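Every chain is numbered from 1 and lettered A, B, ... according to where its sequence line falls, protein lines coming before strand lines. This structure is a prediction, so every number in the text was calculated from the model and none was measured.
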Amino acid sequence: MTKSLVIVESPAKAKTIAGYLGAGFVVESSIGHIRDLPKRASDVPAQYKKSAWARLGVDVENGFKPLYVIDPEKKSQVKKLKDLLKQVDQLYVATDEDREGESIAWHLIQVLSPKVPVKRMVFHEITRKAIQAAIDAPRDIDQRLVDAQEARRILDRLYGYEVSPVLWRKIMPRLSAGRVQSVATRIVVERERARIRFVRAAYWGMEAEFAKQKGTGSLVATLHSLDGKRLATGKDFDESGKLKRKEAALLDEKQAKALAADLVGRRFEVSSVETKPYKRSPSPPFMTSTLQQEAGRKLRFSSARTMQVAQRLYENGYITYMRTDSTTLADDAVTGVRKQIAQMYGDDYLPASPRKYAKKVKSAQEAHEAIRPTGDTFRTPEEVARSVGKDEARLYELIWKRTVASQMQDARGETLQVRIVGTTDNGQRCEFSVTGNTITFPGFLRAYVEGSDDPEAELLNREKHLPALSKGEGLDGSEFKPSGHETQPPARFTEASLVRRLEELGVGRPSTYASIISTILNRGYVRKKSSALIPSFKAFAVVTLLERHFPDLVDYAFTARMEDDLDAIASGQADAEPWLRRFYFGKGKPANDTATGGDGSKNVERTSDVGLHAMVNDQMGEIDARDINSIPIGTDDEGRGIVARVGRYGPYLQRGDDTVSIPDDMPPDELTVEKSTELLNAPSGDRQLGSDPATELPVFVKAGRFGTYVQLGELDPDSKEKPKTASLFKSMTAETLTLEQALKLLGLPRHIGNHPEDNEPITAQNGRYGPYITKGKDTRSLETEEQIFTVTVDEAVKLLKEPKKRQRRAAAEPLRTLGKDPVSEGEITVRNGRFGPYVTDGETAASLRSGDSVEEVTLDRAIELIQMRRERGPVKKKKKKAKKKAAKKKVAKKAAKKKAPAKKKAAKKKATKKAAKKKTAKKAAKKTTKAAAKKTDSSEA
DNA sequence: CAGTGAGCGAGCTTCCGCTTGACTT
């Protein structure tokens, strides 16, 4: 008897399938992808580390060949699979039938290199029948589909790892950009911009009560039209507060109140009665996106919580797979649920034939079923509730109801619209309107009402019965109540509505919706305020940069176009390599077009002739960091411009030389000119200690960039002179500082006395590196800050005679000594430094990596670290550049204020220079570009 | 977002999509 190994993606799936296959089959899982591009430099094997492309993990110069590494966390699983493979004589690769699943299958075969026959089997539902059918009809790996996945993977890597560093340089470190997250962020930012633009408009309406004159019965109707012109409501206004529908009747408060008064006691009659039948069909069964939306709306679950709860239901066999983009139900399930509907609700509730739901999203890959209760006959929510937690029970109930409802009969009903008319004193015809609703047959609504918790209660709410009325019948009007309304800005996105929007755009996959949300939350691009997603000023800066400099990449249709191209690759109409080449390097010279034409790839790269690589490199210098980080707020009453800026220490407001931090919880759309002015004018919380008796100027304690400092006098915007400032000593605190101490600090530098030999003055002061004394250009450090006040001329003279001390004592004591380095024969020690713990042999130093610890690092590991460091060559000295940077910064700042145009010219000049050099010597030009870019951006950041 | 004079071991951040535990709080 032959024995076969079946590999699926999910352990829970493996368990179920093993039960269906029985003896002769071992079922194990890959637990998702087993290999991927290296995530970071330390994951790159040593032999590739020196390659220019190691940073990307893709050899962009040689056909975009990807470098795959086995995820360290998957190593044990791969070993397990290898061991199992030795015991069988046949392998079935049964990963999902979609792009990623086909790729996992290919990687498995590559890594396991099986010596036994390999078959690819696929199924879309986990039923005994489907599994057996799949075993009986194996196929081969679809290499083109694998290629399409690889192309997708590489494009995402190039996008993410090329564009993110641009953000680090121009905005702040650790930011990220990607095909999916950047679009998600942009969606939220655009909505906030719409809210900022939004201008409220006021409009008035009216309600009134009408009673039958013959018989009993009354109803409340709302004013609908005046002289045949429909009264304006919220949707008749545009976002600037103007009426879109010109022929609308608009009432202001005064007019509405006057009208109400006029209508009292008038004659009213029914002008029309209209009934219309309607029909509503159930929603399709859940897939991941709709499950997250409904669980968000009905249960107030976040996307992540929904998925965690669903995972537990799945693992325990209560529901089918929860990461799916399909709304298809297995035939067995349909049969079962129809039986159940007939039993529970009766045959009337059962359509003649099962409902089929067409796929909604173009990019859907439908490797699985819809999310539904498992089995031919579903366990009832009550039954399941007994054996699972509260969250699981609620989610299961939701899934059960939605699935059952999806196969039930349409709901049918009637609407009844009544119009009532009366005439004012001056002959204005006022028409009121009310709509009643009767459900004649509830159909699926018996089981499930979208967005509602209790279908039975909801059914009652949906019905609105009106008294029987006939046309021409007279009515008594009373209780005329004018009501004022305001248009509302577009609502902020919630997790659920963002997922819905992403899905519409084809952006993201079922397995990633929840993680997209957590990515943009973790990066600080959005935060949650109850369920609303509020973008940060940082997000505004990031989105602005991307829109201006990489517009194609954040185009909402980018992913849709990419999917078209991937389809072309998967169907063999196009090849991945030229497609990637065009995305990354742009279109070649016209001569090449004929040579590379005909591969069918047409979309992603068509949007720009310049490839990503050149865009990033050439534009780095042109991106004006200062400009990108500025979000204009407006101009105040005095004509002063106010901008919000994203700084290294968070967002702040700027108005001329005034700055103030923006509170963390300030939503961008609430930061109006008025609010900004209020913040800028508010007292900063700085304390005034008193006044300087000599100058009569006030003395303040302030918190600044470099800690607490004291300041003499206030900043005078008309004068170029800045007030004198001085940092507090480490021994001082803002709370306990006295005026006397402050004045002493402000008196620095202290003139100690003159040198006895040349009579040159010696002063003592505090600096970047601590306290020191100076005589002309000569300096010496002091040991304590207090010495600034106590050091004598004699002590100073003595110090100046001594050579400058190299203050390396701080790092002198090694934490551990490990042994000799085999290369340099130096003693290897573990030390603590500015950048954290490191090992050194006295010549080469290397930081401990994330997996290392001071206590546990071994001699062998230290030798390895030092060797790796050695191989990368000497560190480039950046000292001079840093100095230049600082000098340039000041110059540029001044220049920027006075003559901004000159700066732009300079930037352009640089760019042209770069381009010229690039043609002649590629590598040399690269360096120049980088240097130029660095200079430009540091001068503007 | 204030302003000052040395020199010291740099290294790393980041993408999207497949999947679970193993950790801690």
Side-chain angles (χ1 to χ4, degrees), chain A residues 9-13 29-34 36-37 39-42 55-57 71 73-74 77 95-96 98-101 103-104 149 152-165 167-168 173-182 311 315 323 508-512 515-516 519 523 645 647-649 652 654 657-661 702-707 709 711 722-727 748-749 765-770 772 774 777-781 804-808 810-811 831 833-836 838-840 842-847 849-850 866 869 872 875 878-879:
Chain A
E9 288 178 39
S10 147
K13 199 191 263 188
S29 64
S30 70
I31 323 186
H33 274 293
I34 53 163
D36 193 11
L37 302 176
K39 203 165 155 13
R40 56 177 61 90
S42 58
R55 180 177 67 83
L56 298 168
D71 186 330
E73 285 179 11
K74 296 290 169 59
Q77 191 66 15
T95 49
D96 298 347
D98 56 18
R99 209 160 54 209
E100 299 296 327
S103 170
I104 292 173
Q149 189 278 344
R152 196 278 308 154
R153 179 70 190 90
I154 293 171
L155 180 134
D156 281 332
R157 166 54 63 93
L158 296 175
Y159 183 147
Y161 277 36
E162 287 286 9
V163 180
S164 297
L167 303 183
W168 304 342
R174 288 166 198 277
L175 295 183
S176 59
R179 174 176 58 81
V180 170
Q181 61 168 292
S182 294
Q311 173 92 25
E315 281 171 5
R323 292 186 274 260
R509 302 280 312 137
S511 64
T512 62
S515 59
I516 295 166
T519 298
R523 294 276 172 279
R645 286 231 157 89
R648 196 158 277 270
Y649 310 99
Y652 64 98
Q654 185 163 24
D657 284 334
D658 294 343
T659 57
V660 64
S661 286
K702 296 181 142 195
R705 159 80 179 78
F706 308 113
Y709 65 103
Q711 179 178 305
K722 284 190 171 176
K724 185 156 178 50
T725 60
S727 284
L748 296 178
Q765 59 269 304
N766 223 341
R768 244 191 102 184
Y769 311 107
Y772 67 104
T774 59
K777 285 190 172 175
D778 206 5
T779 64
R780 293 289 182 283
S781 284
K804 280 195 179 186
K805 265 185 195 161
R806 295 206 149 234
Q807 293 193 342
R808 300 189 68 171
R831 292 166 183 271
R834 283 178 301 161
F835 309 119
Y838 66 102
V839 288
T840 178
E843 287 171 13
T844 309
S847 282
R849 303 297 171 83
S850 51
I866 290 167
R869 182 70 201 82
R872 248 176 300 129
V875 182
K878 281 198 250 174
K879 223 183 313 166

Next on the checklist: What does the 5'-to-3' dot-bracket notation of DNA chain B look like when only Watson-Crick and G-U wobble pairs under 3.5 Å count, and pairs to other strands show as |?
Outcome noted: .........................
Checklist entry - Who pairs with Arg645(A) by side chain to side chain donor-acceptor pair (under 3.5 Å), at least two apart in sequence or on another chain? => result Ser630(A), Gln654(A)
Checklist outcome for this item: Given protein heavy atoms under 4.0 Å, the one-letter contact record of nucleotides 14-24 of chain B, with B base, S sugar-phosphate only and - none, is simply BBBBBBS----
Check salt bridge (charged side-chain N to carboxylate O under 4.0 Å, His left out) between [X] and all other residues, then give those that pass, not counting sequence neighbours.
| X | value |
| --- | --- |
| Arg152(A) | Glu100(A), Asp156(A) |
| Arg55(A) | Glu162(A) |
| Lys13(A) | Asp96(A) |

Item to check | Whole-Å gap separating P (dA2(B)) and CG (Asn766(A)) | outcome: 19 Å
Item to check | Spacing between Asp657(A) atom CG and dA2(B) atom C1', to the nearest angstrom | outcome: 13 Å
Next on the checklist: Determine whether a donor-acceptor pair (N or O, by modelled atom type, separation under 3.5 Å) exists between the side chain of Ser164(A) and the backbone of Ala177(A).
Outcome noted: yes
Item to check | Heavy-atom donor-acceptor pair, Gln181(A) side chain to Ile516(A) backbone, under 3.5 Å | outcome: no
Next on the checklist: Does Tyr652(A) reach a base, just sugar-phosphate, or nothing at all? Heavy atoms under 4.0 Å.
Outcome noted: nothing
Checklist entry - What nucleotide, of dG11(B), dA6(B), dA2(B), holds the atom closest to the side chain of Ser727(A)? => result dA2(B)
Next on the checklist: Is it the case that the side chains of Arg323(A) and Ser511(A) hold a donor-acceptor pair, with the cut-off being a distance below 3.5 Å and no angle test?
Outcome noted: no
Next on the checklist: Both Glu843(A) and Gln654(A) contact DNA chain B. Which one's nearest nucleotide lies toward the 5' end?
Outcome noted: Gln654(A)
Checklist entry - With a 4.0 Å cut-off, would you call Lys39(A) and Asp71(A) a salt bridge? => result no
